[in-house]
Structures are given as C-alpha cells and as structure tokens.
Amino acid sequence: MKDSMEKHYLEKEAVAVDLTEERFRFLRAAYLEERITVNGQRLAEKLLSFESSLDAALKAAENTQKKSNLR
C-alpha cells in the first residue's frame with residue numbers, strides 16, 4: 001500500500017493550483033486513516049529550511065530594491 005501511495009504522490013507532484021485542495025483532502029484522509037504517517041523531525045527541518053531560504057530571498061530582493069533606489 002505504501003508504494004502505491006508514494007507513486008500517487010509523485011504523479012501529483014506537479015498538480016495544477018486548482019487541484020491543490022483535492023490533493024490536500026486526499027493526503028488528510030490518508031493520514032487520518034493511518035495509511036500514511038508524518039515524520040515530525042523531517043517536517044520541522046523542511047519548514048526551517050524553507051523559512052531560511054525565504055528569508056535569504058527576501059533580503060536579496062530588499063538589497064536589489066535598495067540598489068535600484070540609489071541609481
């Protein structure tokens with residue numbers, strides 16, 4: 001069952017924005033039915049990594065904006 005879940009997830013990885021809610025509902029139902037589990041450690045690491053990347057991107061954009069305003 002796990003293999004089919006992973007395959008389904010991979011196929012949906014590049015879903016259109018309008019299918020995001022449907023995908024979320026599928027994953028939520030699978031979690032509630034205990035067909036999939038969440039690795040809290042990995043999730044936390046990914047969230048921290050994302051926040052770090054976002055912070056760096058925002059700072060870079062801010063620096064670019066400041067340089068544009070100086071010209």
Side-chain angles (χ1 to χ4, degrees):
M1 184 68 154
K2 186 176 180 181
D3 292 335
S4 66
M5 294 295 291
E6 289 176 0
K7 182 179 179 188
H8 181 75
Y9 177 77
L10 293 175
E11 288 174 0
K12 296 274 189 175
E13 195 166 39
V15 297
V17 173
D18 58 332
L19 295 179
T20 302
E21 186 175 342
E22 180 181 334
R23 181 171 174 236
F24 173 77
R25 287 181 188 188
F26 171 80
L27 291 171
R28 182 177 186 274
Y31 174 76
L32 292 174
E33 295 168 6
E34 297 181 0
R35 291 183 284 141
I36 60 173
T37 60
V38 174
N39 180 330
Q41 174 83 26
R42 185 167 178 236
L43 178 61
E45 289 170 357
K46 286 188 170 265
L47 285 171
L48 289 173
S49 175
F50 172 76
E51 285 186 355
S52 178
S53 297
L54 182 60
D55 187 49
L58 290 173
K59 285 180 181 177
E62 186 178 304
N63 287 338
T64 301
Q65 182 67 30
K66 285 180 183 177
K67 287 178 183 177
S68 295
N69 290 339
L70 292 175
R71 292 181 188 174

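Every heavy atom of this structure was used, including side-chain atoms; hydrogens, water molecules and symmetry mates were not.
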message: If I take atom CZ from residue Arg42 and atom OG from residue Ser49, how far apart are they, to the nearest 0.5 angstrom?
response: 11.5 Å
task: Enter the distance from Glu45:CD to Asn39:CG here, rounded to the nearest 0.5 Å.
output: 8.0 Å
message: Using side chain to side chain contact (heavy atoms under 4.5 Å, CB included), reason through Leu32 and Arg28 one step at a time and then give a plain yes or no.
response: CA-CA 6 Å; Leu32 292 174; Arg28 182 177 186 274; 3.3 Å; yes
task: State which residue, out of Glu22, Glu21, Arg23, fulfils the side-chain contact (heavy atoms from CB on, under 4.5 Å) condition with Arg25.
output: Glu21
message: Tell me whether Ser68 contacts the main-chain N or O of Thr64 through its side chain, where contact means a donor paired with an acceptor under 3.5 Å.
response: yes
query: Can you list the other members of the hydrophobic cluster that holds Leu54, where links are side-chain heavy atoms under 4.5 angstrom apart?
result: Phe50, Leu58
message: Going by the rule side chain to side chain contact (heavy atoms under 4.5 Å, CB included), which residues pair with Leu43 if we only count those two or more places apart in sequence or in a different chain?
response: Val38, Leu47
message: Tell me whether Glu33 at atom CD has more than 12 heavy atoms from other residues, nucleotides or ligands lying less than 6.0 Å away.
response: yes
